[in-house]
Amino acid sequence: MVHNDEAKLVTLTASGATVTRTETPVWCTKKSVSYKEFYAAVEVGINPTYIFEIDKDEYDRAVIIETGGTKKRPTELIFDGEKFNIIRTFEPVGGTIEVTVGL
């Protein structure tokens with residue numbers, strides 16, 4: 001699938017008292033959250049805003065592997081100058097990953 005939108009995945013790593021933000025640009029497709037998913041999430045206090053479809057290889061570039069093999073996955077996504085928290089990821093069959101974000 002061709003992705004026409006650009007976003008940045010933000011991965012946080014800590015070393016002592018220093019926190020480093022790594023922003024990785026990725027190509028994606030912005031999609032709406034389905035009404036069923038939206039209302040189910042709101043019932044438990046989560047406010048999903050969008051779903052971004054990203055190629056798995058692009059997403060994996062934002063995963064940082066620390067010494068000892070610990071993986072740090074992105075926790076934020078920046079799109080069109082707005083910062084979103086990553087609520088969940090889902091990996092359907094087909095080499096993409098769906099990233100659900102909210103404010």
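Index from 1, following the sequence.
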Determine, using ring centers only, whether Phe79 and Phe52 are less than 6.0 Å apart.
-> yes
dist Phe90:CZ -> Thr96:OG1 (nearest 0.5 Å) comes out at 8.5 Å
Distance from Tyr50 atom OH to Leu77 atom CG, nearest 0.5 Å?
-> 11.5 Å
Are Ile87 and Val10 connected in a single hydrophobic cluster, I mean Ile/Leu/Val/Met/Phe/Trp/Tyr linked by side-chain heavy atoms less than 4.5 Å apart?
-> no
With a 4.5 Å heavy-atom cut-off, do Glu82 and Leu103 have their side chains touching?
-> yes
Value rounded to 0.5 Å, distance of CD in Glu91 from CD1 in Ile54 | 12.0 Å
In the single-linkage hydrophobic clustering (I, L, V, M, F, W, Y; side-chain heavy atoms under 4.5 Å), do Val19 and Ile78 co-cluster?
-> yes
Interatomic distance, Glu53 atom CD to Ile51 atom CD1 [nearest 0.5 angstrom] | 9.5 Å
dist Lys31:NZ -> Glu98:CD (nearest 0.5 Å) comes out at 4.0 Å
With hydrophobic residues grouped by side-chain heavy-atom distances under 4.5 Å, do Val63 and Leu12 end up in a single group?
-> no
With respect to Lys71, which candidate in Ile64, Ile65, Asp60 satisfies the side chain to side chain contact (heavy atoms under 4.5 Å, CB included) definition?
-> Ile65
For residues 5-25, pull every pair meeting side-chain hydrogen bond (donor to acceptor under 3.5 Å, both in side chains), keeping only residues two or more places apart or in separate chains.
-> Arg21-Glu76
Any chain of hydrophobic side-chain contacts (each under 4.5 Å) joining Val26 to Ile97?
-> yes
Nearest atoms (heavy-atom pairs only) where Thr49 meets Gly102 | OG1-CA, 3.4 Å
Value for CD1 (Ile86) from CZ (Arg73), rounded to nearest 0.5 Å, stands at 11.0 Å
